[in-house]
Each structure stands twice: as C-alpha cells, then as structure tokens.
Number of protein chains: 2
Amino acid sequence: MPRRSYDQYCAIARTLDTVGDRWSLLIVRELLAGPLRYTDLFTDLPGISTDVLASRLRDLERDGVVSRRRLPPPGTGSAYELTERGGALLPVLGALAVWGGPSLGASAPTDAVRAHWFALPLLARLAPLAGDERGVMDVTLPDGTFHLRLGDAPPGTPVCGRGPSPTGSDASLTLDTATCLSLADGTLTATDALTAGTLTVTGEGPLAESLRKHATTATAVRN
Amino acid sequence: MPRRSYDQYCAIARTLDTVGDRWSLLIVRELLAGPLRYTDLFTDLPGISTDVLASRLRDLERDGVVSRRRLPPPGTGSAYELTERGGALLPVLGALAVWGGPSLGASAPTDAVRAHWFALPLLARLAPLAGDERGVMDVTLPDGTFHLRLGDAPPGTPVCGRGPSPTGSDASLTLDTATCLSLADGTLTATDALTAGTLTVTGEGPLAESLRKHATTATAVRN
DNA sequence: CGGCATCCGTGACGATACTG
DNA sequence: CAGTATCGTCACGGATGCCG
C-alpha cells in the first residue's frame, strides 16, 4: 500500500492501494514464475530503478504479497517469493494479459522481450483445453523456453517458470512467434492452431492426450 | 497510455501502459455503471483532482477506452462512456474486486462510501448462480440501491448502474451490509446467504427462479 | 454552472554513484 | 550481491481562475 491511499471503501480501490503502484504488478508477474533474488528480479524488469525495486519489495512484503527467504547454504543472499495471497493475484494478471493481447501488435524497437512473458497469456488461453488434467508443460518458442503448470497445485507452487521444467514435463508444446501472438491476442484459438499444425504437442501422458483430443474433436465436429 | 511506457513486449505491461496510471481503473469502474458527465464523475471519485481527471479522460479517449458524446438537447454538456474495448475491462475489475474482498475489512473513518461500489464484487459472485438466464436485478443495501445486468448483453450496455434499473428489473435482491461484506470477501457464498435468509430474492421471472433454485438445490443436497 | 486550464508545493520516479 | 544515497525531473493533489 502506497503512502497515498484512495481512501475508498471499495474492494477494487483496496486492491489498487496494495498493488496499484507503478511496477508492483510486474514484480508479481516475475515472481509467479518462481522465487528470484533481487538482482535477477532487477534484470528481468528492464527500466525499473534499484531504489524503486527495493521500495516495492518492502511494501509488498509488509502487505503480505511477497515474502523474503534466506537461501540455503549452496546459494548466497536471499530470495523473494509470492505468499499464497500473492499467488492469488494470478486471475488479475490473467485478465490483464487477455485484455492486452489485442493491443500487443508488433514489438517496438525499444521494447524489451522475454520469452516467459508469454507464459501468462498462453496459460489463460490453454487452461480450458487441459480439462481436469494436471501437469507441467514445456513451451518452446523461437526466443526461448518456459513451462506452465496446468490444473490445481499445492498453494505456493509457481504456475510457470523460466526455462524447461526442472522436474520433467508431462507435455511439450512447440510454436512459432506468429502463432504465439495470435493465441495471445485471441484471434486464433489453441484448437485451431493444433488443427493447423502450427502448434504441436508431444508427450504421452493424459495431459498431452487431453490437449490433442481437443484438436481432433474440433476437427471431427467441423467435418 | 502515460508518457512513460514500460517498453516491454508483454501483454500485461501493455495493459498497464494504458490503464495502469493512478485513477484510470477507478474511472473505468465508474463508467461501467453507465455514461457520466465530467462533474458527476468528479463527485463519485473522491480525492481525484480536476486536472488529473481531465488528463486521464483525454488519455483514455485517445487509447479507445472511453468515448465522449454530446448529450441530446434535454441535457447540457457532454458525457463520457466506455467503448466496447473499455467495457471489456470488466474481467479485470472483477478479478481486482475478488482479490480485494478479503482485505476490505471495516471501513476507515476517512473512507468514502458509495453503494454501487459493491456492484462489481457482487456481480463476480452472483454471475455463476444466474446460469444462462439473462436479465436485470435490483440490489438494495441499507446505504442505497443499484442494479446489475446478468448474462450476455449487447456491447456497450452497462453491466451495472446507480439506483434501481430505469427499465424495470427481473429480480430484486435485498441484503444487509454484513451479508454484502461477507459475500464480497468470499467467506459467505450467495447460496448460503439465500439458505440463511440474510439474502432475499423477489421476482417472478426465470432469472429470479434460477437464483432461488440454487439455494433450494444446495439445501436439498446438504440434507 | 459545467468543464476544464493554470499555478504551485510535495512527493514519487528514474538514473547514476556509492557502500556494507 | 543487495541494496542505500543523492539529485534532477515529473506526476500528483489542492486551490483558484477562466470561459462558454
């Protein structure tokens, strides 16, 4: 909560009091992909300044959105991670990602790019296709790889992460940049991308089967 | 979009470029309840300053979130209303309202209060109970009345509004402040409130029936 | 009177430098 | 590595003025 509150007895205004400050929700976006140290957070938030990052982390920790944890002996320093309440911001970021998809357009030359920034938009679009299946999915784009966790998971488990899943994956997706953009802005459904072959799913488990099933049933219905 | 962009090729960052400025989403919150003139907007946004309101309205209009319309002869001046794209921010505000419910707590003495600020939290909680029924519902709290539109509606139709529905309603809800708060923070489901009788539904149409049905089936299942 | 524009003080932000 | 210190700039909040 910033020094300046809206002072309105309104759930929306209260949320904005807590995470409405500049950079706050982008810090949450980064931490949804797992705990990070200060410096790593700094490098994945191009444009933030060191004092603002430190100030936001302090505010978010005080408000119970973020917690700070000493790293075990192999590592040095400490890491920041989302609390359960912080992780509950996922629907907020999902809604923001869905709304912003159509206005994403082409990347400006000045834009920073990180592959895992597509994780939340894709998660919002792919979640309906997973059915009740749970599992981890590696997603490979030309610019890099990240992983998504579909279905319910124990509280505190990151819903996505940078790079391939360190614990192995139940399915692997491969898609090109254009397909990823069309999925993100809603002009292409995952089902259509599967049918067209610009999105491929590999893997043997029930999660991979469930994803593929949607393409085949959609094709069958269409014929 | 503020003068300072995040310059990140990320759907979330792009959304925040457009509506992440202070007061922007609260302006959208107000306009979701229907078109308003500058002065009315000003009085329902306690704490905003005149120049900031004017500046935000200019930015939102330029970005296609808000449009300005001359009022027909009976009225004077002009009114601001959401574009279709602006109305698509409803899921964002719904998610913000759901997250902020638990932290709403008691109202501080300095808090401004408006009855219709509970419209979006209640809409997010009641929408699942309406099933596929569509219609308008008047909601009466001790502090005032507002109305909600359930189900799909033509683009541009406000999803809620101040006071009772001017076009008549398909159902009427009455609840006290404590029940409203419990619904907003998620500690009480609408089904339980119906069963307990602290939330009453009157009306004869299918929407009212659908709402009441949820309470009786839940009771039946529980026995 | 509605709809802003202007002025001004304060504080937030951004960039860089520096320290434990 | 993980911030704090410093400083210039700009956005915000409050008040007032202008103009149809």
Reading nucleotides 15-20 of chain C 5' to 3', which nucleotides get B (base under 4.0 Å from a protein heavy atom), which S (sugar-phosphate only), which -?
-> BBB---
Rounded to the nearest Å, what distance is computed from the [atom1] atom of residue [X] to the [atom2] atom of nucleotide [N]?
X: B:L41; N: C:dG3; atom1: CG; atom2: C1'; answer: 12 Å
X: A:R37; N: D:dG3; atom1: CZ; atom2: C1'; answer: 13 Å
X: B:Y38; N: D:dC18; atom1: OH; atom2: P; answer: 17 Å
X: B:R69; N: C:dG3; atom1: CZ; atom2: P; answer: 13 Å
X: A:L57; N: D:dT4; atom1: CG; atom2: P; answer: 10 Å
X: A:D59; N: C:dG11; atom1: CG; atom2: C1'; answer: 14 Å
X: A:L45; N: D:dA2; atom1: CG; atom2: P; answer: 14 Å
X: A:R4; N: D:dA11; atom1: CZ; atom2: P; answer: 13 Å

So which nucleotide from [options] ends up closest to the side chain of [X]?
X: B:A54; options: C:dG14, C:dC4, D:dG13; answer: C:dC4
X: A:T39; options: D:dC1, C:dG14, C:dC4; answer: D:dC1
X: B:R56; options: D:dC12, D:dG13, D:dG3; answer: D:dC12

Is a salt bridge present between A:R114 and A:D44, judged by a nitrogen-to-oxygen distance below 4.0 Å?
-> yes
Could A:D21 and B:R22 be called an ion pair, given the rule that one side-chain N must be under 4.0 Å from one carboxylate O?
-> no
Hey, is the side chain of [X] poking within less than 4.0 Å of OP1 or OP2 on [N], counting only N and O atoms?
X: A:R22; N: D:dA11; answer: no
X: B:Y80; N: C:dG2; answer: no
X: B:R68; N: C:dC4; answer: yes
X: A:W23; N: C:dG14; answer: yes

So CZ of A:R85 and CG of A:L60: to nearest 0.5 Å the spacing works out to 12.0 Å
Spacing of CG belonging to B:L173 relative to CG belonging to B:L211, to within rounding of 0.5 Å | 6.5 Å
So ring pair (Phe, Tyr, Trp, His ring centres under 6.0 Å) across residues 93-128 of chain A, not counting sequence neighbours, yields none
Report the residues that fulfil ring-ring contact (aromatic ring centres under 6.0 Å, His included) with B:W23, sequence neighbours left out, ordered by chain and then residue number.
-> A:Y6
Nearest-nucleotide 5' precedence on DNA chain D, A:R58 against A:Y6 = A:R58
Show your working on side chain to side chain donor-acceptor pair (under 3.5 Å) between A:R70 and A:S78 and close with a plain yes or no.
-> CA-CA 4 Å; A:R70 283 245 145 249; A:S78 55; 5.0 Å; no
